[in-house]
Amino acid sequence: MQRRADLPRLGSLEPSARAVVRALLLAGPLSRAELARRLERSPASITKLTQPLLAAGLIAEDTGRATEDAAAPGESRGRPGVPLVLQAARHLFIGVKVTSDEVFAVRADAAGLVQASGHRDLADVEQETVVGQILELVNELSEPGEVQALGVGLAGQMSRFDDTVRHNPFLGWDQVPLARILERATGIPTVLSEDARALTAGVQWSGPGRGMSDLAVLTVGVGVGLGIVIEDRVLAGPSGRVGRIGHMRVADSGPVCERGHRGCASAFLTTAAITRGIGVPRGRADLDLDAALALADDGDAVALRVFADAGHALGVLIAMLANTLGLPAVILAGDGLGMLAHARPALDAALAERLDPHATPPAVVAFSSGFDEWARGAAVVACQWMLVDPPPHRTDPA
């Protein structure tokens with residue numbers, strides 16, 4: 001068996017070979033005939049493409065899953081139905097998630113399987129402090145010469161594959177060239193992505209969205225975030241602003257958010273909005289989400305109303321996604337997901353009310369996950385970067 005260090009790095013492959021690897025990661029194992037169909041290429045060209053990948057040990061034949069399919073014209077006749085699979089464990093990536101008070105990191109393989117993880121508290125959000133903690137985690141999780149790329153997910157308005165932190169409200173950072181700072185310190189190619197978009201990449205790659213070509217990931221907690229996948233591609237848009245729904249108006253009346261918007265999604269769905277809505281009538285400024293949920297469990301009328309309002313807001317947002325994009329699935333995630341214990345009935349009612357009569361109701365799936373899952377998503381972004389737009393090119397393709 002080849003040593004991992006002797007394998008070609010994913011970013012060094014030609015575009016056509018990277019397309020094969022990406023297809024195997026998204027939907028593998030796949031036969032050569034199925035690869036040809038998915039990539040819209042002739043079976044003969046797929047055979048030609050995969051031969052050097054097999055010889056290099058990047059992919060392998062999964063003989064345990066051989067099918068009865070006949071070989072397509074031009075396909076290798078020796079093993080007609082043997083699927084191909086990426087040797088994902090041989091390609092390592094590090095993913096980092098940065099919040100306002102903690103840094104989380106994982107080392108994962110190309111398929112998103114986490115091998116190790118770590119986390120650090122942040123004493124402050126000064127650039128030196130945050131970078132120092134990231135570097136400690138990278139050193140802790142790295143295997144010398146084997147990590148192919150580093151991905152960092154954090155709030156802001158970054159493009160799909162970016163090098164600069166833009167408009168991060170929690171760190172107070174803007175126009176900070178974080179990727180270049182980390183690259184210089186670690187020698188590892190580094191890419192940034194908006195955190196909800198990074199989470200979405202992980203959900204699609206190897207989470208509950210695996211096998212889905214179209215879906216949305218809607219996050220609730222400190223903020224309200226949205227990631228969208230259309231035709232297997234995580235959307236970012238030219239300015240990185242796809243998914244800015246936190247201040248979309250979902251009701252004609254209701255509470256006011258921190259920006260003064262009445263009835264917007266953030267006014268109902270953020271953890272701060274929920275705890276404030278329940279705590280203020282009681283003169284309690286110390287209420288957290290767990291305590292708010294406990295009040296609702298005990299039948300507290302104010303808590304039940306606030307959670308019902310949050311559920312209604314979620315249902316309105318999900319209906320909007322189904323009506324405008326025709327998405328078959330919406331996956332709910334984030335540290336505020338506990339609200340569903342009391343918000344789900346109002347969510348379902350609002351979705352039924354707002355859904356277009358000709359729209360198909362989407363599957364609504366709750367995905368409970370910690371910040372390690374967000375870091376795993378950043379590792380997946382790093383892998384996708386190598387397969388879609390590896391350095392030195394950073395332009396986000398349309």
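In what follows, every heavy atom counts, from backbone to side chain, and hydrogens, waters and symmetry copies are set aside. Residue numbers count from 1 along this sequence.
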Do the side chain of R282 and the main chain of I278 share a donor and acceptor less than 3.5 angstrom apart? yes
Would you check if the side chain of N323 reaches a backbone N or O of L355 as a donor-acceptor pair within less than 3.5 Å? no
Roughly how far apart are D288 CG and L293 CG, rounded to 0.5 Å? 9.0 Å
Do you know which of E146, Q148, R9 makes side chain to side chain donor-acceptor pair (under 3.5 Å) with H91? Q148
Show the nearest heavy-atom pair for residues V96 and A105, with the distance to one decimal. CG2-CB, 4.0 Å
Does any part of the side chain of V364, heavy atoms only, come nearer than 4.5 Å to the side chain of R344, both counted from C-beta? yes
Is there a donor-acceptor contact under 3.5 Å from the side chain of D300 to the main chain of L295? no
Are the side chains of L53 and L49 in contact, using a 4.5 Å heavy-atom criterion? no
State which residues pass side-chain contact (heavy atoms from CB on, under 4.5 Å) with A251; sequence neighbours excluded, sorted by chain then number. F268
Spatial distance of atom CZ (R18) from atom CG (L25) [nearest 0.5 Å]: 13.0 Å
Are L235 and I245 co-members of a hydrophobic cluster defined by side-chain heavy atoms under 4.5 Å apart? yes
Please name the pair of heavy atoms, one in D232 and one in R22, separated by the smallest distance, quoted to 0.1 Å. O-NH2, 2.9 Å
Between the main-chain N or O of L141 and the side-chain N or O of R107, is there a donor-acceptor pair closer than 3.5 Å? yes
Ignoring hydrogens and angles, tell me if any N or O in the side chain of E194 forms a donor-acceptor pair with the backbone of R197 under 3.5 Å. yes
Backbone of A366 reached by a side-chain donor or acceptor of S368 within 3.5 Å: no
I'd like to know if the side chain of R376 pairs up with that of S206 as donor and acceptor (distance under 3.5 Å, no hydrogens or angles considered). yes
Any salt bridge linking R276 with E258? Criterion: basic side-chain nitrogen under 4.0 Å from a carboxylate oxygen. no
Determine whether a donor-acceptor pair (N or O, by modelled atom type, separation under 3.5 Å) exists between the side chain of T270 and the backbone of S266. yes
Any donor-acceptor pair under 3.5 Å linking the side chain of Q133 with the backbone of D121? yes
Heavy-atom nearest pair, A123 first then T129, reads N-CG2, 4.3 Å
Pair E136, R120 - check salt bridge (charged side-chain N to carboxylate O under 4.0 Å, His left out), show working. CA-CA 9 Å; E136 282 191 15; R120 295 287 190 279; 2.9 Å; yes
Verify the distance criterion only: is there a donor paired with an acceptor across the side chains of D162 and T164 at less than 3.5 Å? no
Say whether V98 and F170 are linked into one hydrophobic cluster, either directly or through other cluster members, by side-chain heavy-atom distances under 4.5 angstrom. no
Verify the cluster assignment for L325 and L215: are they in a single hydrophobic cluster under the rule of side-chain heavy atoms below 4.5 Å apart? no
Using every non-hydrogen atom in the two residues, find where I94 and V138 come nearest and quote the distance to one decimal. CD1-O, 3.9 Å
Looking at V125, is its backbone amide N or carbonyl O close enough to the side chain of W173 to form a donor-acceptor pair, meaning the two atoms are under 3.5 Å apart? yes
Where is the tightest heavy-atom contact between W205 and R210, given as atom of each residue plus distance? O-NH1, 3.1 Å
Does a side-chain heavy-atom distance below 4.5 Å link L150 with F93? no
For the residue pair W385 and S193, establish whether any side-chain heavy-atom pair is separated by less than 4.5 Å. no
Nearest-0.5 Å distance, CG of residue L347 to NE2 of residue H312: 10.0 Å
For the atom pair CG (L327) and OG1 (T360), what is the distance rounded to the nearest 0.5 Å? 11.5 Å
Is there a side-chain contact between M320 and R354, using heavy atoms and a 4.5 Å cut-off? no
D372/V114 under side chain to side chain contact (heavy atoms under 4.5 Å, CB included): CA gap, chis, key distance, verdict: CA-CA 9 Å; D372 279 359; V114 173; over 6 Å; no
Can you name the nearest heavy-atom pair linking V220 to L314, along with the distance? CG1-CD2, 4.1 Å
Among the clusters formed by ILVMFWY side chains lying less than 4.5 Å apart, do I181 and V152 turn up in the same one? yes
Side chains of R233 and V229: does their closest heavy-atom pair fall under 4.5 Å? no
Checking side-chain polar atoms at under 3.5 Å, does Q157 have a donor or acceptor matched by the opposite partner on R166? no
Single hit among V217, V330, L332, I331 for side chain to side chain contact (heavy atoms under 4.5 Å, CB included) with V365: I331
Given the rule that I, L, V, M, F, W and Y join up when any side-chain heavy atoms are under 4.5 Å apart, are V380 and M386 in one cluster? yes
Heavy atoms from other residues, nucleotides or ligands near CD of E14 exceed 12 (cutoff 6.0 Å): no
Going through the checks in order, is the side chain to side chain contact (heavy atoms under 4.5 Å, CB included) test met by S142 and I188? CA-CA 10 Å; S142 291; I188 301 173; 4.1 Å; yes
Checking V165 against L192 for the side chain to side chain contact (heavy atoms under 4.5 Å, CB included) test, could you report, in this order, the C-alpha distance in whole Å, the side-chain angles of both residues, the deciding distance, and whether it holds? CA-CA 7 Å; V165 179; L192 311 181; 3.8 Å; yes
Walk me through whether M339 and L269 qualify under side chain to side chain contact (heavy atoms under 4.5 Å, CB included). CA-CA 9 Å; M339 72 172 67; L269 288 171; 4.0 Å; yes
Hey, are the side chains of L58 and P8 touching, using non-hydrogen atoms and a 4.5 Å cut-off? yes
Are the side chains of L39 and I46 in touch, meaning some heavy atoms are under 4.5 Å apart? yes
Under 3.5 Å, side chain of T275 to main-chain N/O of T271, donor-acceptor pair present? yes
So CD1 of I134 and NZ of K97: to nearest 0.5 Å the spacing works out to 11.5 Å
Once you round to the nearest 0.5 Å, how far does CG of L137 lie from OG of S117? 9.5 Å
Over 60° means perpendicular and under 30° means parallel, so tell me whether H119 and F104 are parallel, tilted or perpendicular. parallel
